[in-house]
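Excluded from the calculations below are hydrogen atoms, water molecules and symmetry mates; all remaining heavy atoms, backbone and side chain alike, are included. Here is the naming used below: chain letters follow the sequence lines, and residue numbers restart at 1 for every chain.
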Amino acid sequence: MSTESQVNRMEKIVSLCKRRGFIFQSSEIYGGLNGFWDYGPLGAELKRNVKELWWKSMTRLRDDIVGLEATIIMHPSVWKASGHVDTFSDPMSTCRSCKKLVRSDQVWDMLETTPWAEAVRSCAPGGVADREALLKWAKGKGQRLVPNFALVKDPETMLGRLSERSAEAPGSQQHLLQILCTADPSGPLSMPCPHCAGELTEPRPFNLMFKTYVGPAATEDDIAYLRPETAQAIFVQFKNVVDSSRVKVPFGICQIGKAFRNEVTPRNFTFRSREFEQMELEFFIKPDEVVQAQTGGIAKLPEGELPGQPEANWGWEMWHKYWVEERLRWYESIGLKRSSLEEYWQKPDELAHYARATVDILYKFPFGTQELEGIAARSNFDLTQHQTHSGKSMEYFDQEANLRYVPHVIEPSAGVDRLILALLAEAFEEEEVVDEKGQKEVRTVLRFHPRVAPIKAGIFPLLKNKPELVSKALEVRDLLRPLMNVFYDDGGAIGRRYRRQDEAGTPFCITIDFDTIGENGPEKKDTVTLRHRDSMKQERVRIADLPAYLLSQTS
RNA sequence: GCGGGUAUAGCUUAGUGGUAAAGCUCCAGCCUUCCAAGCUGGCUAGGAGGGUUCGAUUCCCUCUACCCGCUCCA
């Protein structure tokens, strides 16, 4: 639940994002577009840094993962095979009384365990209504439990309706509930709202996949979808990667890219957008039977211990835990405190049909603790689906084991945009500082980890109207510019320039002063003030030492 | 999609059926030897479309976007 101060904090973050050029509304001059956001100059740098760090940690720093960059529009069969065509178009109904939105296909399941529905069913054993029991319930308990229920509002009329409508209701409890909740005697029967027993609207399809047409004819036959996730492209190209890259199971294929979902409700700033970017890894492993056969046993992780480095006898459970740990460590490496993160192991009844286990990595956003990444053990569901639908073998020939199998997969799947939002939320701080006159004031600072900070260093001549300072500062800028993103600024008082960089999250500021140009003795010549964002402390550093120092801090 | 709230300058907020105000930010200049200093000048605003009216930012309607809830999930 978001408290008022948390909502307020979120508003300040949104406002800062706009003011400093991190995130803008898409198409803002035309009134914006629901669920779409743009990154401004600082946001673009931040996002690029994050993606590069992920890509580097996945591919370049490991020898068991390779990259892929696939198209956004793929053959429509991909989405039939993956199940998205079916599962991404849920029929939904709204309750006319309590206004809640429910999935139409889940209504009867939900009613199985709903107390008020149980009570009604117990008054109609086998679908045969006990009118007296129903009347008693409607005038008693029903009044408190479900005042929106048509039967409760007008028991006599609704019970009368039972016999009028009996032709349509051949003695089932479902039909009984439908008759008793439908107020209009001439209209079609409604479904009851599981929450309040009010009437639900007709089911309307909610299509979560964006449709488009391939080719100018734009007929029904040309329908294609913008991908709702990047993962499927990896499965679809699995064979090509195996055949071209000399990879051996266990190995992974990773991808960063845009995905699109027609979300019912885009909400919470960029957290749930209709166009968003994912960073996904599909890590292919041997089926447990194969590991068992090869090593004589599957490794078990003692309670409370971490997996450590991969071993030949790891089954899917070890690999899954390994990736959870790897991912958590990565989040810490870019500046999300472990205490701001939460691990959530989905319960068996929450798991998607293809998943054996799923761990969500959650971040404590100001608007609530929400998912950044899901790490799913998906068995060999996806490859098998594509094998079935395409008719092409997805089997891998394992030379060591001398057999063929469809590999299983562990899938760490992260949302880039919500991670950016998490980094902003984590970094945002309003600090009370005392100025030289002893006045308290608020310093707004983004405490980004230097690795992700959009600007690594601000470079300032102490005074703008002293050409020696300006030219020396430009020299320092030119020294550092090829190595990292730096920002030269000579506008306004030095303190103001520091504070501007604080709001941009720049970890270091370099000031070229009279010492630098040798006015105060040769020993101080070619040294600069290095000012640290978080402590606001300053130190004297030789220009020659700057590149190595800054690189060590920011990479 | 449904319900509730909101919409004035880059930001935060005034005010008004008759020329829209301020602070901060930003830009230019002067000045300035290390934490939003000072002086001068400057840019910039009532989400969009209709209606009522002599005249609408203000009243009415429609739409859009944002925030909160239902729902969904990377």
Side-chain angles (χ1 to χ4, degrees), chain A residues 1-2 4 7-8 10-12 14-16 18-21 24-36 87-88 90 92-103 106 193 195 201 204-206 208 228-231 259 261-269 271-273 276-280 352 360-361 367 370-376 411-419 433-437 439 441-444 460-466 469 491-503 509 511-516 519-520 528-529 531 533 536-538:
Chain A
M1 254 315 97
S2 10
E4 202 180 317
V7 169
N8 197 258
M10 202 54 217
E11 277 169 8
K12 283 177 176 169
V14 173
S15 165
L16 175 67
K18 183 167 188 200
R19 180 156 35 98
R20 286 295 171 189
F24 307 126
Q25 234 183 331
S26 165
S27 322
E28 198 196 65
I29 61 167
Y30 289 105
L33 191 58
N34 192 348
F36 296 87
T87 60
F88 264 53
D90 300 325
M92 307 288 276
S93 301
T94 313
C95 173
R96 295 186 205 276
S97 301
C98 72
K99 306 299 178 192
K100 285 192 178 167
L101 189 69
V102 289
R103 272 177 58 172
Q106 289 182 347
C193 168
H195 303 283
T201 58
R204 272 189 309 269
F206 271 56
L208 262 47
E229 62 171 38
T230 53
R261 290 182 195 178
N262 248 324
E263 290 294 342
V264 177
T265 310
R267 198 54 65 78
N268 286 324
F269 198 29
F271 183 80
R272 181 168 297 115
S273 305
F276 58 102
E277 201 153 13
Q278 291 182 303
M279 306 188 289
E280 290 194 307
D360 294 334
I361 295 179
F367 47 80
Q370 299 272 356
E371 186 180 349
L372 281 184
E373 169 159 350
I375 300 159
E411 177 194 87
S413 166
V416 184
D417 306 275
R418 44 182 64 179
L419 173 54
V433 293
V434 179
D435 70 14
E436 43 188 7
K437 292 173 201 133
Q439 299 286 314
E441 56 171 13
V442 171
R443 179 173 84 116
T444 303
F460 316 139
L462 182 59
L463 299 175
K464 179 162 65 165
N465 58 358
K466 297 286 184 289
L469 292 180
I494 191 73
R496 175 182 297 272
R497 283 177 267 166
Y498 286 151
R499 295 299 171 83
R500 273 201 281 254
Q501 292 307 312
D502 287 342
E503 278 201 345
C509 289
T511 299
I512 283 71
D513 56 23
F514 293 93
D515 287 0
T516 317
E519 282 200 1
N520 299 314
V528 294
T529 301
R531 181 259 195 186
R533 175 195 64 203
M536 295 169 75
K537 294 246 166 65
Q538 304 189 347

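Side chain of A/Arg496, nearest nucleotide from B/rC11, B/rC73, B/rU25: B/rU25. Checking B/rA65, B/rC27, B/rC35 against every side-chain atom of A/Met536, the shortest atom distance belongs to B/rC35.
Going from atom CZ of A/Phe460 over to atom C1' of B/rU32 covers 16 Å, rounded to whole Å. Rounded to an integer number of Å, the gap from A/Arg19 CZ to B/rC26 P is 10 Å.
Listed by chain and number, the residues in a salt bridge (Lys or Arg N to Asp or Glu O under 4.0 Å) with A/Glu503 are A/Arg19, A/Arg20 (sequence neighbours excluded). Legend: residues meeting salt bridge (Lys or Arg N to Asp or Glu O under 4.0 Å) with A/Arg267, ordered by chain and number and at least two apart, are absent.
Under the 90° criterion around 0 for the glycosidic angle, B/rG46 counts as syn.
The residue A/Leu16 sits apart from the nucleic acid: no heavy atom pair falls under 4.0 Å. Across all strands, A/Gly21 comes closer than 4.0 Å to no nucleic acid atom at all (heavy-atom distances). As judged by a 4.0 angstrom heavy-atom cut-off over every strand, A/Lys466 is placed among residues making no nucleic acid contact. Across all strands shown, A/Ser413 has heavy atoms under 4.0 Å from sugar-phosphate atoms exclusively, and none from any base.
A sub-4.0 Å separation between OP1 or OP2 of B/rC66 and a side-chain N or O of A/Asn34 is present. A sub-4.0 Å separation between OP1 or OP2 of B/rC68 and a side-chain N or O of A/Asn268 is present.
For B/rA36, the base has no donor-acceptor partner in the side chain of A/Arg443 [N/O atoms by modelled type, under 3.5 angstrom]. In this model, a side-chain donor or acceptor of A/Gln538 finds a partner on the base of B/rC34 within 3.5 Å. Contact annotation: side chain of A/Arg267 to base of B/rC67, donor-acceptor pair absent below 3.5 Å. For a distance-only test at 3.5 Å, the side chain of A/Thr529 qualifies as a donor-acceptor partner of the base of B/rC34. With hydrogens and angles ignored, a donor-acceptor pair under 3.5 angstrom links the side chain of A/Arg531 to the base of B/rC35. You'll find a donor-acceptor pair under 3.5 Å spanning the side chain of A/Glu263 and the base of B/rA74, going by distance alone.
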